[in-house]
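Okay, structure first, notes after.
Hydrogens, waters and symmetry mates play no part in the numbers below; they use all other heavy atoms, side chains included. Just so it is clear: chains get the letters A, B, ... in the order the sequence lines come, proteins before strands, and each one is counted from 1.
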Amino acid sequence: MRSISLEAYSVTLRAHRSKQSLVLTKFDGTHNFIDLSEKYLKALKGKYNNVKTLSRCMTLSEISRTNNSIVGMISTGEYGFKNPLIDTETGKKTYEKSTSDAEMEPFFFELYIEDNSRDGILIAQRYGQASIKPLFEHFIKGQFNQDHPKFVLQVEPLMPEKAVQAVVKKGRIGAVRLIKNVIPSDIADRFNGKGKQQDGEYEVIFRPKRKGYLSTKPILDVLSGNKSIKDMVYIEGFEPDELKVEVITDGRRRTIDFGNFSRLKASFDITNDVIKGDDGHPTFKSLSRVSKQLISDIHGMMG
Amino acid sequence: MSSKINVSDIVRDHLRTLKDESTGRVSKIDILTFFGISFVVACFSFYMEFSFSEGAISIMVAALSIFAGLLINVLVLIYTVAQSNGAKGSSELTQRQKLERRFLTEIFSNLSFAIFVSLLSVGVLTAIVFISGWEKNLATAIATFLIVNFVLTLLMSLKRIHILLGSHFSDL
């Protein structure tokens, strides 16, 4: 059975060539980004928008607005390939999906922006391997850029250091990997005259024994800046350049790259937290409830 | 002035090779080696009011001119090696081939810069013959800077060509 998860992203706006994030509720002194998003999304209701660049069709099936958030369901499906549809009870083909047919599935989203805040939170549903985030971002960015070309909208995975700390505290360490890069400083030394490249990496892996554990304290010390990687472990002749930690939370193994926080995603499996409707998809009401709790938790993590 | 004699690309491309391969950033040690040492020796020669005799100038001009000509031949050799690696598009190259292509490009930039510095040195050395006084000391210091830099760049290029051709000999 496919897992259902909600992924959190941060939403920011800035002017072109500026690094300063703007207040989303009045980014140009007049417009509120959440009002604009509502306008763009409502234009989809009752219509099918064909996003040819992504070979996807989309429509808005539900939308609800409060002062600080928009909650809704976007139905989307991919096209461009043929598939037979089989009745699983009789084993017989009931329909041949053509290349222009798109099988529409509903995906939940919530856009939350506090008053006078420079950061919004986008919650996007993932169903197995499919996520609504790329399509949502593509659509909103496309509409926004047309109306406000002087501004840049950014949607980035949300996994700030505090949230990483929360993950490490909540989970247990599966493995600690210390990596040393051995790329020489001169490109010429990457060849040894015998046709063999010289660079690579050394990796030292620490894993707990079956009934043992690895303490999270050293990891948390590195995260908070109290210690460096080199302080954590001393092996003569080995000075690690990178630290990767495998954390196991709720049965899921997640690798945190301490050199690459920006690649982490805040992804939360909610398969057991939602109620399935008669159509087999999670209900809008249950998704909305879980999303609101998630946003509240994220704010709690970020302090 | 005509853009045909604008060699800023040669200088820029050479400076871009002075980076730490493991980090991709400018290597301070390389900058200190190639420009720092040259600068220190030049300052020393200016302070000591060092000067080249006419005989020494003529020998250096001849040597640098010959080097410039030989290095141009080596550029052609590098081009030949690049051709022998195949004319595939970058999407078809293996990791090693991409690395080798980048290596060849760097050697090419280093040699071009060495030729440029040797020509510049010839010009400055020639000018020394016609000037006197403190300007002569300054020109001598500049020539010293250029010659030391040229020798160091040549050493780097020699090492790289040795490794490059050595890797091809092993394939025979």
Atom NZ of residue position K217(A) - does it have more than 12 heavy atoms of other residues, nucleotides or ligands inside 6.0 Å?
no
Looking only at heavy atoms, which of residues 129-154 of chain B get nearer than 4.5 Å to chain A?
none
Sequence neighbours left out, what passes side chain to side chain contact (heavy atoms under 4.5 Å, CB included) with Y47(B)? Give chain and number order.
none
F103(B) atom CZ: more than 12 heavy-atom contacts under 6.0 Å
yes
With N73(B) via side-chain hydrogen bond (donor to acceptor under 3.5 Å, both in side chains) - residues at least two apart:
none
N50(A): partners by side-chain hydrogen bond (donor to acceptor under 3.5 Å, both in side chains), with sequence neighbours left out
Y79(A)
CG-CG distance between D186(A) and L18(B), expressed to the nearest 0.5 angstrom:
10.0 Å
Other residues, nucleotides and ligands only: do more than 12 of their heavy atoms fall within 6.0 Å of CZ on F144(A)?
yes
Give a yes or no on whether K141(A) atom NZ has more than 12 heavy-atom contacts from other residues, nucleotides or ligands under 6.0 Å away.
yes
Would I187(A) and K19(B) count as a side-chain contact (heavy atoms from CB on, under 4.5 Å) here? Give the steps.
CA-CA 9 Å; I187(A) 186 174; K19(B) 67 177 194 299; 5.9 Å; no
